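Report on the following structure.
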Amino acid sequence: MQRDKLLPGIVHLGLGAFARAHTAVFTEDAMLAGGDLEWGIVGVTQRSDTVARQLVPQDGLFTVAERGDGAAPLRVVSSIVDAISGRDNPELVVERIAAPATRIVTLTITEKGYRFDPQTRSLDLADPDVQADLAGRPPLTAIGQIVRGLQQRATAGAGPVTVLACDNLPANGDLTATLAMGFASALPASESGPLLAWMRENVTFPSTMVDRMVPATTPADLDSVERELGLRDEAAVVAEPFKQWVIEDNFAAGRPRWEDAGALFTDDVAAWEAAKLRLLNASHSMLAYLGLLAGKETISDAVAVNAFHTACRRMMLQEALPSIALPAGLDGEQYCDRVLRRFANPALGHTTAKVGSDGSQKVGLRLLTTVRGTLDAGRSPRWAALAVAAWMHHVAGTPAADLDDPLAQGLHAALPAHRAADTVVPALLGFRPVVHPALAGNNGFRDLLLHWYRIIETDGPDGLGNEINNG
Ligand code: CS2
C-alpha cells in the first residue's frame with residue numbers, strides 16, 4: 001500500500017489488541033483490494049496510553065502474528081495513520097471526530113466502556129464520568145467523546161458520519177444510538193434540541209458482529225515476534241487465524257469495501273450476534289469460570305478437560321441453539337464444533353482470567369439470555385446454570401481488590417460474610433445490575449444454581465466433572 005497517500009477517514013475508539021488484529025486488518029485488506037486510500041485509521045486509546053506510546057514511534061505500524069493451525073506468515077499492518085491517548089488528549093479526540101475527513105467512528109471499547117444500565121439499555125446518568133462529561137469537561141467516556149465530536153461537526157457543518165460499534169453486545173448499533181441520544185438529551189435544552197435534530201439527519205449507527213480471539217500480548221509473544229521478524233515490535237499482537245465481521249449496510253458517508261476483505265453485509269446482524277454471544281461467548285465464559293475453579297490457566301487447558309468440553313457442548317446444543325433463530329446459511333452444530341476447536345488452539349494462550357474478567361458485564365448477555373429462553377420453553381437450563389454458578393463461585397472466592405470487574409465493589413457489598421451456596425446464590429441473584437428481578441425470583445433456576453454451587457463447594461473440580469459426565 002502506498003502509505004504516504006493514505007488519508008485518515010476513520011477514528012477508532014479503543015485501540016486495544018482486538019482492534020489492531022481485527023478492524024485494522026479488515027480495513028487494510030479492503031484498501032489493498034480496491035486501491036481506495038481514504039480510510040486510514042486514527043486510533044484512540046481509552047484508559048491507558050500504552051498502545052499510543054507503542055505505536056507512535058513505529059509510525060502506527062504493527063505486526064499481527066497468527067497462532068495455530070492454518071496460521072498465515074507474520075504480517076505488518078499499515079492502516080493506522082495516527083495513535084492518540086484519549087486520556088491525555090481528550091480535546092484532540094473531539095477534534096478528530098469532528099474533522100470533515102472523518103466519515104466513520106468505529107468502537108471497540110468492551111462492554112463496560114458503554115456505561116449503560118443493562119436492564120434498561122439506557123445511559124448510566126449516575127456514572128461520575130458520564131456526569132463530568134455532561135458538565136462540560138473535555139470528555140473521557142467514549143459516548144461523551146462521540147457526542148461532543150458530533151456537536152462540533154454540527155456546528156462546523158462537517159457533514160454526516162457513521163458510528164460503528166464493534167463490541168459483543170446485542171444490537172450494538174441501536175444501543176450506541178440510544179446512549180448517544182441519551183447523552184445529547186441530558187445536555188442543556190439550548191444545546192440538546194439542535195444537536196438531536198442534527199444527529200437524526202446526519203448520523204447512522206449500523207450494528208455489527210465481530211469475531212476473532214485475540215489474547216493480551218505477552219512479553220514472550222513480543223520476543224517470539226522479534227525472533228521471526230528480526231525487529232522489535234512493541235505493538236505486535238497475536239491472534240487466531242479465524243476472523244469474521246458481519247455488518248449492517250447503513251452508512252451515512254461512504255465506507256471501505258470491507259466485503260472485499262471478507263466481511264459480510266446483511267440485514268440480519270441481530271441473528272449473527274445472538275448466535276455468537278450465546279454460543280461462542282457463552283461457552284467461552286463457561287470455560288473461563290470452570291477453568292478458574294480447576295486451576296487451568298488457559299482456555300485451551302480448560303476445554304481439554306473432558307467434562308468441561310461436554311458441559312459446553314450440551315449448553316450450546318441443548319439450551320442455546322433451541323432458544324435462538326439462526327441466520328440463513330449458518331449450520332448450528334457445525335458452528336458449535338468449530339467454536340470448540342477454536343478454543344482448543346494451544347498456541348493462543350488465551351487466559352481464563354482474561355475471558356473471566358468483567359463477568360458482571362457479560363453473564364447477563366451471554367448466559368442469562370439462554371437461561372430465560374430455556375425456562376420460557378418449559379425446559380431446565382441445567383448447563384447455563386452451571387456456568388452462572390461457576391461465575392458466582394469465582395466472585396465469592398476472589399477478594400474484591402483482585403476481582404477484575406468494574407462492579408467488583410458492588411458485588412462484594414452484596415455478598416454475605418459467610419460464603420456458602422445458601423447465602424451466595426440468593427445474594428448474587430438479587431444483584432440487579434446483573435440479574436433481572438423476574439429471573440431472580442424463578443425457583444427452578446435458583447435450585448439449579450444451588451445444586452451446582454454445592455457440588456463445586458463440597459466436591460471440587462473432580463466431583464463436578466463426575467456430576468457433569470453423569471448427565
Ligand atoms: C471473550 C471475547 O474475553 C472475552 O470475553 O469471550 O473477547 C472473545 O474472545 C471474542 O469475542 C471472540 O470473537
Side-chain angles (χ1 to χ4, degrees), residues 14 16-26 64 66-68 106-114 118 165-170 172 207-218 237-247 262-264 269 272-292 296-300 302-303 308 312 315-316 320 330 335-336 338-345 347-370 384 387-388 390-391 394 403-407 434:
F18 180 80
R20 277 171 285 158
H22 187 274
T23 327
V25 173
F26 272 98
V64 174
E66 293 188 359
R67 299 280 187 243
T106 47
L107 295 87
T108 53
I109 54 174
T110 79
E111 297 86 344
K112 64 177 172 232
Y114 289 80
C166 303
D167 285 286
N168 296 317
L169 294 158
N172 50 14
S207 284
T208 66
M209 184 279 270
V210 293
D211 191 5
R212 187 170 214 183
M213 290 175 203
V214 186
T217 316
T218 64
V237 287
V238 296
E240 63 170 336
F242 180 91
K243 65 178 189 318
Q244 191 175 33
W245 200 2
V246 179
I247 312 171
L264 173 71
V269 175
W272 285 96
E273 184 62 31
K276 198 227 161 186
L277 272 171
R278 302 217 213 162
L279 298 168
L280 186 154
N281 293 117
S283 31
H284 222 187
S285 291
M286 178 187 229
L287 284 173
Y289 300 121
L290 292 177
L292 284 167
K296 304 293 174 194
E297 203 183 324
T298 64
I299 293 292
S300 59
V303 78
F308 296 171
C312 266
M315 177 178 69
M316 288 196 277
L330 187 71
Y335 186 90
C336 298
R338 186 171 199 184
V339 160
L340 288 167
R341 277 201 306 276
R342 288 169 61 197
F343 290 158
N345 181 347
L348 205 56
H350 212 172
T351 63
T352 46
K354 180 77 185 17
V355 178
S357 68
D358 295 352
S360 68
Q361 314 291 300
K362 298 174 177 172
V363 162
L365 300 172
R366 299 175 178 199
L367 296 162
L368 298 181
T369 41
T370 290
V388 179
W391 167 69
H394 172 67
L403 187 65
D404 190 354
D405 192 302
L407 300 187
V434 176

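Indexing begins at 1, ligand by ligand and atom by atom, following the structure's order. Model, not experiment: these values are computed from the prediction.
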- Message: For a side-chain contact (heavy atoms from CB on, under 4.5 Å) check, start with the C-alpha distance between Val210 and Thr108, then their side-chain angles and the critical distance, and finish with the verdict.
- Response: CA-CA 10 Å; Val210 293; Thr108 53; 5.9 Å; no
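- Considering backbone and side-chain N/O atoms, Arg342 never comes within less than 3.5 Å of an N/O atom of ligand 1.
- Relative to atom 13 (O) of ligand 1, the option among Thr110, Val210, Asp211 with the closest non-hydrogen atom is Asp211.
- A salt bridge is absent between Lys243 and Glu66; no separation between the charged side-chain nitrogens and carboxylate oxygens falls under 4.0 Å.
- For the 3.5 Å distance criterion, the side chains of Asn281 and Lys362 fail to qualify, holding no donor opposite an acceptor.
- By the criterion of a heavy-atom distance under 4.0 Å, the backbone of Arg212, and not its side chain, is placed next to ligand 1.
- Geometrically, ligand 1 and Asn281 share a nitrogen or oxygen pair separated by less than 3.5 Å.
- Taking 4.5 Å as the limit, some side-chain heavy atom of Arg342 sits within range of a side-chain heavy atom of Leu280.
- Using a 4.0 Å cut-off between heavy atoms, Asn168 contacts ligand 1 through its side chain alone, with no backbone atom that close.
- Within the structure, ligand 1 has His350 among the residues with a heavy atom less than 4.0 angstrom away.
- With ligand atoms numbered from 1 in the order given, ligand 1 contributes 3 (O), 4 (C), 5 (O) to contacts under 4.0 Å with heavy atoms of Lys362.
- The closest heavy-atom contact to atom 10 (C) of ligand 1, among the options Lys276, Lys243, His284, Met213, comes from Lys276.
- For the pair Thr352 (side chain) and Lys296 (backbone), a donor-acceptor distance under 3.5 Å is present.
- Inter-residue side-chain proximity for Ile299 and Thr351 is flagged as unmet; no heavy-atom pair is nearer than 4.5 Å.
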